[in-house]
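Just so you know, residue 1 is the first one in the sequence shown, and it goes up from there.
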Amino acid sequence: MGFVALILALLLEQGKPLPRDNPAHNVIRWLATSVRNATDAGTVRFGMIGWFLVVGGAVGLAVLLHWVANKIHPLLLFALHVVILYATIGFRQFSHAFSKIQIALAANDVDEARRILERWLQVHDPELTIARASQAEVCRLAISHAIVQAHRHVFGPLFWYILLPGPIGPVLYRVAEYLTRAWPDVVEPYTQFARDAYRWIDWIPLRLSITGFAIVGNFEDAVYCWRGASGIKTSDPQRDMLLAAGGGALGLRIADPKLEAQWSAPGDAENSFDWAGADPDAAGLRSSVGLVWRAVLLWIAVFAMLTMATWLGR
């Protein structure tokens with residue numbers, strides 16, 4: 001049932017993308033804000049309590065709905081899986097802006113591509129501006145953001161859907177990821193615990209995403225960049241490792257140039273690496289789309305084989 005529900009949810013999401021302002025996201029947003037306002041006491045302990053209240057509440061609701069649907073009828077249970085997967089997994093939540101950037105660059109309209117990219121990035125960082133970004137920088141930011149969003153919207157929740165029973169996995173992953181953005185830095189205890197918890201939840205999925213990119217892309221460069229970036233401490237090591245390996249799989253430099261300078265620092269030869277990838281361009285946008293789709297097909301095929309093995313083992 002899970003595999004069929006996933007395929008149907010992906011098809012529905014391609015035909016009718018979930019809008020950003022939707023009831024499911026609004027409920028989680030309201031819950032996160034309410035819990036923070038009610039429990040904020042300025043310490044990490046209360047940040048941990050707030051995180052467990054929000055995530056536990058969302059997962060508990062999913063478990064309750066799963067139990068009720070299972071008691072009523074298998075078709076209702078199947079429909080519930082489709083609805084939850086539709087709300088937590090999909091490309092169109094981020095690919096629409098990426099496609100618009102491709103179209104603008106194909107028409108040599110760099111200013112329009114820059115505006116579209118800026119609006120897209122400001123969803124996650126309202127303070128960010130790229131008014132003076134060059135075309136190569138626009139391509140780099142678009143590709144890097146698309147790879148991160150593909151991991152967080154597709155590969156991460158898909159892993160937990162396969163691993164945990166029912167709809168628990170994708171709800172757990174998506175709510176944990178959302179809380180890293182929902183609680184601003186001014187609420188430091190909450191932000192700190194939310195980011196630490198998400199790193200633990202994302203530890204295995206991120207490495208599987210990197211493995212998938214390496215298999216369907218340039219394997220040697222992806223693994224080399226993965227190993228090199230994993231030895232460097234940054235403010236967000238898992239994201240930076242994903243971008244380094246994704247860039248290696250594409251043969252493009254898509255990580256932050258400041259980090260690349262740190263990775264290849266000549267004064268620390270033991271903990272640095274140097275990799276000669278190409279600068280991103282419009283063709284790199286098309287290559288990144290192909291890389292993501294090949295990785296998706298790879299993991300869907302793995303899910304299909306696991307499903308078949310389960311059926312045959314009964």
Engineer: Please name the pair of heavy atoms, one in Gly248 and one in Asn218, separated by the smallest distance, quoted to 0.1 Å.
Structural biologist: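 Looking at all heavy atoms of both residues, the shortest contact is O-CB, 3.5 Å.
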Engineer: Just wondering, do Tyr224 and Phe219 contact through their side chains at under 4.5 Å, heavy atoms?
Structural biologist: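 Contact flag for Phe219/Tyr224 side chains = no.
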Engineer: Do Leu179 and Ile28 touch side chain to side chain, with heavy atoms closer than 4.5 Å?
Structural biologist: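 The answer is no, as the side chains (C-beta and beyond) never meet within the 4.5 Å cut-off.
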Engineer: Consider only side-chain heavy atoms of I, L, V, M, F, W and Y, link residues closer than 4.5 Å, and tell whether Phe3 and Leu297 are in one cluster.
Structural biologist: no
Engineer: Would you say Arg114's side chain and Arg132's backbone share a donor-acceptor pair under 3.5 angstrom?
Structural biologist: no
Engineer: Can you confirm whether Leu163 sits close enough to Trp160 that some side-chain heavy atom of one is under 4.5 Å from a side-chain heavy atom of the other?
Structural biologist: yes
Engineer: What pair of heavy atoms forms the shortest contact from Ala133 to Glu137, and how long is it?
Structural biologist: CB-CG, 3.9 Å
Engineer: Kindly determine whether His151 and Leu242 satisfy side chain to side chain contact (heavy atoms under 4.5 Å, CB included), including the steps that lead there.
Structural biologist: CA-CA 9 Å; His151 166 69; Leu242 175 66; 3.9 Å; yes
Engineer: Would you say the side-chain atoms of Arg140 pair up with the backbone N or O of Pro280, donor to acceptor, closer than 3.5 Å?
Structural biologist: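 The answer is no, because no donor-acceptor pair under 3.5 Å joins these two groups.
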Engineer: Give a yes or no answer on whether the side chain of Ser34 reaches the backbone of Leu31 with a donor-acceptor pair at less than 3.5 Å.
Structural biologist: no
Engineer: Flag the pair Arg199 and Asp202 as a salt bridge only when some basic side-chain nitrogen lies within less than 4.0 angstrom of an acidic carboxylate oxygen.
Structural biologist: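 Looking at Arg199 and Asp202, the cut-off is not met.
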Engineer: Val59 vs Val63, test: side chain to side chain contact (heavy atoms under 4.5 Å, CB included). Steps then yes/no.
Structural biologist: CA-CA 6 Å; Val59 171; Val63 171; 4.2 Å; yes
Engineer: Would a distance-only check, ignoring hydrogens and angles, find a side-chain to backbone donor-acceptor pair under 3.5 Å from Asn37 to Thr33?
Structural biologist: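 Checked: pair present.
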Engineer: In Å and rounded to the nearest 0.5 Å, what is the CD1 to NE2 distance from Ile254 to His145?
Structural biologist: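 It comes to 12.5 Å.
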Engineer: Decide whether Val175 and Ile49 are clustered together by the hydrophobic rule: side chain heavy atoms of Ile, Leu, Val, Met, Phe, Trp, Tyr closer than 4.5 Å, transitively.
Structural biologist: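 Hydrophobic grouping puts Val175 with Ile49.
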Engineer: Count I, L, V, M, F, W, Y as connected when their side-chain heavy atoms are under 4.5 Å apart, and connections chain through other members. Are Val148 and Ile130 then in the same cluster?
Structural biologist: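 Shared cluster, yes.
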Engineer: Measuring from Leu208:CG to Ile162:CD1, what's the distance to the nearest 0.5 Å?
Structural biologist: 9.0 Å
Engineer: Might you point out which heavy atoms bring Ala9 and Val82 nearest each other, and give the distance in Å?
Structural biologist: CB-O, 3.8 Å
Engineer: Test of understanding: clusters of I, L, V, M, F, W, Y form through side-chain heavy atoms closer than 4.5 Å, transitively. Do Tyr86 and Leu76 belong to the same one?
Structural biologist: no
Engineer: Tell me whether the count of non-hydrogen atoms from other residues, nucleotides or ligands lying under 6.0 Å of CZ in Arg45 goes above 12.
Structural biologist: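 No - once you tally the heavy atoms of other residues, nucleotides and ligands closer than 6.0 Å, there are 12 at most.
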Engineer: Same cluster or not: Ile215 versus Leu250, using hydrophobic residues (I, L, V, M, F, W, Y) connected whenever any side-chain heavy atoms lie under 4.5 Å apart?
Structural biologist: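 Per the 4.5 Å side-chain linkage, Ile215 and Leu250 are co-clustered.
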Engineer: Please test Ile89 against Arg174 for side chain to side chain contact (heavy atoms under 4.5 Å, CB included), starting from the C-alpha separation and ending with a verdict.
Structural biologist: CA-CA 9 Å; Ile89 298 179; Arg174 293 295 299 132; over 6 Å; no
Engineer: Considering the options Tyr161, Tyr198, Trp200, which one meets the ring pair (Phe, Tyr, Trp, His ring centres under 6.0 Å) requirement together with Tyr173?
Structural biologist: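 Passing option: Tyr198.
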Engineer: Would you call Phe98 and Ile116 a side-chain contact if the rule is heavy atoms closer than 4.5 Å?
Structural biologist: no
Engineer: Within the structure provided, determine whether Leu80 and His66 are in side-chain contact (heavy-atom separation under 4.5 Å).
Structural biologist: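 Touching, per the 4.5 Å side-chain cut-off.
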Engineer: Looking only at heavy atoms, what is the nearest atom pair of Ala222 and Ala249, with distance?
Structural biologist: CB-N, 3.7 Å
Engineer: Strictly below 4.0 Å, N to O, side chains only: are Glu118 and Arg115 in salt-bridge contact?
Structural biologist: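 Judged by the 4.0 Å cut-off on N to carboxylate O distance, Glu118 and Arg115 do not form a salt bridge.
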Engineer: Report the distance from atom NZ of Lys100 to atom CZ of Arg119, rounding to the nearest 0.5 Å.
Structural biologist: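 Lys100 atom NZ to Arg119 atom CZ measures 6.5 Å (nearest 0.5 Å).
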Engineer: Would you name the heavy atoms of Ala295 and Val216 that are closest together and state the gap between them?
Structural biologist: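 That closest heavy-atom pairing would be N-CG2, 3.9 Å.
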Engineer: With rounding to the nearest 0.5 angstrom, report the OG1 to CD1 distance, Thr180 to Ile201.
Structural biologist: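 These two atoms lie 10.5 Å from each other.
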Engineer: Side chains of Leu105 and Gln135: does their closest heavy-atom pair fall under 4.5 Å?
Structural biologist: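 Yes - at least one pair of side-chain heavy atoms lies under 4.5 Å apart.
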Engineer: For a quick test of reading the model, state the closest non-hydrogen atom pair linking Cys139 to Asp281 and the distance between them.
Structural biologist: SG-C, 3.5 Å
Engineer: Answer yes or no: is there a side-chain heavy-atom contact under 4.5 Å between Tyr178 and His25?
Structural biologist: no
Engineer: From Cys225 SG over to Asp240 CG, what is the distance, rounded to the nearest 0.5 angstrom?
Structural biologist: 13.0 Å
Engineer: Less than 4.5 Å apart, any side-chain heavy atom of Leu6 and any of Leu10?
Structural biologist: yes
Engineer: Could you state the interatomic distance from NE2 (His81) to CG (Leu8), rounded to the nearest 0.5 Å?
Structural biologist: 13.0 Å
Engineer: Just say parallel, tilted or perpendicular for the rings of Phe155 and Phe213, cut-offs at 30° and 60°.
Structural biologist: perpendicular
Engineer: Just wondering, are more than 12 heavy atoms of other shown residues or ligands nearer than 6.0 Å to CD1 in Ile204?
Structural biologist: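 Counting neighbours around CD1 of Ile204, 12 or fewer heavy atoms of other residues, nucleotides or ligands fall under 6.0 Å, so no.
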Engineer: If only atom types and distance count, is the side chain of Arg253 paired as donor or acceptor with the main-chain N or O of Ala278 below 3.5 Å?
Structural biologist: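 No; judged by distance alone, with no hydrogens or angles, the pair does not exist.
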Engineer: Are Arg207 and Trp203 in a cation-pi contact, defined as NZ or CZ under 6.0 Å from the six-membered ring centre and within 45° of the axis?
Structural biologist: yes
